[in-house]
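Order of the sequence lines sets the chain letters (A, B, ...), proteins ahead of strands, with each chain counted from 1.
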2 protein chains.
Amino acid sequence: MPTKTRLNFFPRLVMERPDIALCRVSTLITRAAELQGHANNVGANHHLVLKMLVNVGPCSQQTLSEELRIDRSVMVGIADDLQKAGYVSRERNPDDRRAYQVDITGAGKTALLHAESSVPKFLNDVFAALTAAERDQLTKILAKVLEID
Amino acid sequence: MPTKTRLNFFPRLVMERPDIALCRVSTLITRAAELQGHANNVGANHHLVLKMLVNVGPCSQQTLSEELRIDRSVMVGIADDLQKAGYVSRERNPDDRRAYQVDITGAGKTALLHAESSVPKFLNDVFAALTAAERDQLTKILAKVLEID
DNA sequence: TCAAGATGGTCTGTTATCAAACGATTGAGT
DNA sequence: ACTCAATCGTTTGATAACAGACCATCTTGA
């Protein structure tokens, strides 16, 4: 039988089109997260919302979605989920009755702590091939790319 | 009126969870591509298939999808599109009648050349914030992360 | 030769995401 | 006071991608 040909065409593509490589890595991350169960990248959006609420206090859905780069219409579902789980409260802002005032609850803080505890392991798995220095470089480069505001 | 608060919470997230930053960058790329019309990231998959066919010759859909990290079931649609456009031929492999023999046509080569010509500008726009050295670093880091075969 | 498993391509259902439109509310200008 | 545009949250429709099942074909091993 014809042995499986190893083409290794992709590395060349990475050099020529890093943008596509970025997309591939990001789907790779999603898969890795799914393998590890929840609280990593599956539910990453929920995770981020809780994290932000702890760090900056009560927010409107709009603020959350702008700051976290999550679409407004997606944020609706996330807020639904978190509220249903009892992780956030969601009251109308009395000063602006269009907006909600989303805030994290005690249960939400507990859940966040639990989720956070599994993050280091996850990152280690995803970026296993990278040295600490390379991870720092990557982080800085990504921050620069995202500085589009 | 209360001035729009700039929270800048996201940079902190980039430091703590580069995996999420990667995902955000990749959606950012998709958006940028859409703004610029086609032949960049919109249709990136089609582009990649043509590019690979030129470089490695006729392939089965399976080989294309493995090498390019595109799901088999997605590859079906891509091959359909390319064939319909006259950019590839698609005949059964006589040695293995399960598999197709996908090959690029003259029209496909022309289309690829045209698409390639707009890539440098696109990459420049997406990675505008990065120096040449940083782009090299990013490319190398991505290649390393993807070295999961 | 024949049965069992692997492989190539396809199709269906599910999920995540975005764009666009909508009602409700707010703010600005007149 | 009144109108008009902007904003907040929501819903709907569209698209991309993946998982899983499916059939046809090939390969392996008895």
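In this structure, A/Leu53 and A/Leu64 have side chains that are in contact, with non-hydrogen atoms separated by less than 4.5 Å. Annotation: side chain of A/Val49 is in contact with side chain of A/Leu82 (closest heavy-atom distance under 4.5 Å). Taking the side chain as every heavy atom from C-beta outward, B/Val102 and B/Ser89 never approach each other to under 4.5 Å. Contact annotation: the side chain of B/Met75 never approaches that of B/Gln62 to less than 4.5 Å [non-hydrogen atoms, C-beta and beyond]. Between A/Val25 and B/Leu146, the closest side-chain pair of non-hydrogen atoms falls below 4.5 Å. With contacts defined as side-chain heavy-atom distances shorter than 4.5 Å, the pair A/Met52/A/Thr63 qualifies. Looking only at side-chain heavy atoms (C-beta outward), A/Leu142 and B/Met15 stay at 4.5 Å or farther from each other.
If you measure from atom CD1 of B/Ile29 to atom P of D/dA16, you get 17 Å, rounded to the nearest angstrom. Note: CG (B/Asp95) to P (D/dT25) measures 15 Å, nearest angstrom. In this structure, A/Arg92 atom CZ and D/dC8 atom P are separated by 12 Å, rounded to whole Å. Atom NE2 in A/His47 sits about 19 Å away from atom C1' in C/dA16, given to the nearest Å. Taking atom CG on B/Asn93 and atom C1' on D/dT25, their separation rounds to 12 Å, with Å as the unit. Distance, A/Gln101 CD to C/dT25 C1': 16 Å, rounded to whole Å. With rounding to whole Å, A/Leu68 atom CG is found 13 Å from C/dT17 atom P. When the C1' atom of D/dT27 is taken as reference, atom CG of B/Asp96 falls 10 Å away, rounded to whole Å.
In the helix from C/dT1-D/dA30 to C/dT30-D/dA1, the end axes, each obtained as the rotation axis mapping the C1' atoms of four pairs onto the next four within a five-pair block, lie 20° apart to the nearest 10 degrees.
When the side-chain contact (heavy atoms from CB on, under 4.5 Å) test is applied to B/Asp71, the partners found at least two apart in sequence or on another chain are B/Ser73, B/Val74. Contacts of A/Thr131 classified as side-chain hydrogen bond (donor to acceptor under 3.5 Å, both in side chains), with partners at least two apart in sequence or in another chain: A/Glu134.
Among residue pairs with one or both ends in residues 100-114 of chain A, none qualify as salt bridge (Lys or Arg N to Asp or Glu O under 4.0 Å); sequence neighbours excluded.
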Give me, pair by pair, the N or O atoms of the protein and of nucleotides 1-6 of chain D that are less than 3.5 Å apart, along with how far apart they are.
none

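Shown for residues 71-82 of chain A: residues whose heavy atoms fall under 4.0 angstrom of DNA chain C, namely A/Asp71, A/Arg72, A/Ser73.
Within the 4.0 Å cut-off from OP1 or OP2 of C/dT10, at least one side-chain nitrogen or oxygen of B/Arg90 is found. Considering only side-chain N and O atoms, B/Asn45 lies under 4.0 angstrom from the phosphate OP1 or OP2 of D/dA17.
The pair A/Asp125-A/Lys121 meets the salt-bridge criterion, with a side-chain N (NZ, NE, NH1 or NH2) lying under 4.0 Å from an Asp/Glu carboxylate O.
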